[in-house]
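Here the structure is a predicted model, which is why all the values come from computation and not from measurement. Sequence lines set the chain letters: A, B, ... in the order given, protein chains first and strands last, and positions in each chain run from 1.
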Amino acid sequence: MDILASLNPQQRLAVEHGRGPALVLAGAGSGKTRVIVHRIAYLIRNGAARPEHILAVTFTNKAAQEMRERVHALLGRGRTAEPLIATFHSFCVRVLRREIHRIGYKRDFSIYDTDDQRRLIKQILEEERRPEKETAPREILGRISFAKNHNIPAAVFAHRFPSADADLLQHLYTAYNDRLRRANALDFDDLLLKTVDVLERFPEVRDRCQEEYRFILVDEYQDTNRPQYDVLQLLAGKHQNVFVVGDEDQSIYKFRGANIRNILNFEKDFPGARIIKLEQNYRSTQTILDVAGAVVANNTERKGKTLWTDNARGDVVTCYRSHSARSEAEWIAAQIRTALREGPDSRLAILYRTNALSRNFEDVLMQYGIPFVVVGSVGFFNRMEVKDLLAYLRAAYNPEDDIALLRIINTPPRGIGGTTTELLTRNALDKGVPVCQALRESLQDTRLSVRAQRALARFHETLDGWIAKARDVSAGALLEEIIAQVGYHEMLKQRDSAQEAADRIANVDELVRAAYESGERGESALDFLDRASLSSELDQLDANARVALLTVHSAKGLEFDVVFLAGMEEGLFPHFQSRDAKEDLEEERRLCYVGMTRARRKLFLTWTPHRRRFGQDSETAALPSRFLKEVPAELVEGLELETPYTMMDKESEYGQEWHYGKAGRSADDTEQPRSLAELRTYLAKLQSGKHGAAAGGGRQLKTGMRVRHAQFGEGIILSRERTGNDYKLTIFFSLAGRKTLMEGYAKLQPL
DNA sequence: GATTTACGCCTTTTT
DNA sequence: GGCGTAAATC
């Protein structure tokens, strides 16, 4: 296969780039990944680099996996050495598992995820008897992570961020780091920071890494943060063979410390860099590109580039306003059904700003019998039972891992309750030792009841057994033994409903299987735990799934034939947290751009003024997202942005909330009955009125008409609204309840 | 010490 | 509407 044949001139230029730094500014859908993949293949095929000297870095495991597969497809499998294709984090873990002893950690360190971090902070707060109200763990962790992402050590925190509570935060930041170290544990941010630390302080490690990874390629460069940038600088320091690909319009991780300046300053950081722009888009229709481009053009912080495509103009973009979140979901489900009927092989996605929005879509798709996958809500590795068992493993391999130990110490219940664990943690704190050691030393503590002492001794003995076993038994076998020994299944069966217990047991079995499989692939137990810590739900997104539900963030780098960008409302998208600061707003706009450019053929934008928040009807009607107003009207149908039933405050400006009171929802023809009693009155009214007469002899559907649906049975039409070329019907079915259907394909039979 | 119930908080986005 | 923590009860 000719590696260069299928490339356009710019892509080819990038792929053929020789040594030295290069920056590829690649617009959405312009073949970013393609360039990296082909360059890897080109370097190897040409003999310019040996595979083992190549390191390609991505942001998600999924992207890494896909890249690996595509390289294999180009080169064929079965070569002796492979290029290393990894995420920043997994690359760092790889380095640290080998080198971290140099900075005083043990090789079998634990990796703390967000949940572990939260537990640790809470524990610290508890020990210091600080009320959580004034110091929300989330908030604290957010600020610690912010500091870490900007490379600000605890020692200088208060100095760098002077504020009322700076000293307190510096104290907590320090305590948190100390406790991580004592637990022989690293959080996500530490993985990067400690790698930088090792590379900076130990020239021999740096030299070896520089020789090992002579060619470095980075995907999504616009999303690198400071520590990632440092890692890159240190690795590339000698050979300067850095090849980065990015798009400043798709920088959406500022909140995580991503620094857009990394891409804007690349030429300065790597002198003599070659810049290549990829502006031809291969993914979307011209219409979609124009719409997305018009939105992002409102940003000022960009280098500016214009995407073009040879693709057809394609369909107009469709906008749809619904009267509730529920009907938004129903309308989308109906569109999906049509789309799948017309093109059974299409891949579709519903994208939304926050995960909380997925629920309605899940419910309705389920109801419609449309198979789908949800990305990101509660991932496999985030399930409680899976985390419990991983904590058991962690405790066995790294007994100093306090958070893991405290998680399992009384799960399932074994008579070690709050009083006892509090004594343990207090002892550990006083002596400055991990909890496992405090456990050993507290066995005879007279402050404990005999019963508690006995329970502790028993747990201690079992734990020692696992620690010993961990040395010579596989992760799968150890896990299986632990599950049996502690009676984990029994706990689930006893605690949860039969159905829930069965689900959880299935997950447990799945985990055991995964552990065994990992072992059979030759991975160590630590490899297995690493993968569990660093994997995300996204990685499990099945490429064959027809319909996917995911956040816009998760969708970056993916593409779909049809995209529904839902919840296009002020406050939601852009999110109200981001609407004030200009740079935050620009990030929201880029996010919107990312969402829109995921679509190949057709883009839908949906919103509703009446979305429930926290299960309550909001007192204020939502406004359409300002991004909808930035869209060229001639390319979009159904763009009804005025809210007729909103009584506007005369002085109101965009961005303020408009109040409309309870009259709001009954002011147009989409009025819906709220209760059964109301429904009866409503139906009576409809039937006695002129609607009830239906179109004499005509087949045309009218409000109030009784109809039969193949699936839902008999019902009565509550409303009929034009949308595009079709009519949207709201029908109350006596068996199935209220449904919203599209007339065009609902195959309704008038009665 | 464990289990059940009430209440309050909540929502960005992710490795 | 849902989850996790805190009080109340067994």
Check every strand shown and say whether [X] touches a base, only sugar-phosphate, or nothing at a heavy-atom separation below 4.0 Å.
X        : result
A:Arg414 : nothing
A:Asn410 : sugar-phosphate
A:Ser533 : nothing
A:Ser578 : base

Same-atom distance (C1') from B:dT13 to C:dG4, integer angstrom: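 To the nearest whole Å, 22 Å.
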A:Tyr253 aromatic ring stacked with six-membered ring of B:dT14, 5.5 Å and 30°: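 No, A:Tyr253 does not stack on the base of B:dT14, since the centre distance and plane angle fail the 5.5 Å and 30° test.
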Can you see if the side chain of [X] gets near the phosphate of [N] - specifically, an N or O under 4.0 Å from OP1 or OP2?
X        : N      : answer
A:Asn355 : B:dT13 : yes
A:Thr60  : B:dT14 : no
A:Lys556 : B:dT14 : no

Residue closer to the 5' end of DNA chain B, A:Phe88 versus A:Glu588 (nearest nucleotide):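 Upstream on the strand: A:Glu588.
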Along DNA chain B (nearest heavy atom to each residue), the more 5'-positioned of A:Phe255 and A:Pro413: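 Taking each residue's closest nucleotide, the earlier one in sequence belongs to A:Pro413.
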Crowding at CZ, A:Arg181 (>12 non-hydrogen neighbours, <6.0 Å):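 Above 12, so yes.
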Charged N-O contact under 4.0 Å between A:Asp527 and A:Arg97: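 No, no charged N to carboxylate O under 4.0 Å.
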Parallel, tilted or perpendicular, as decided by the 30° and 60° cut-offs, for the rings of A:Phe627 and A:Phe573: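 Aromatic pair A:Phe573/A:Phe627 classed perpendicular.
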A:Arg256 to A:Tyr253, cation-pi by 6.0 Å centre distance and 45° axis angle: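 Flagged: A:Arg256 positioned over aromatic ring of A:Tyr253.
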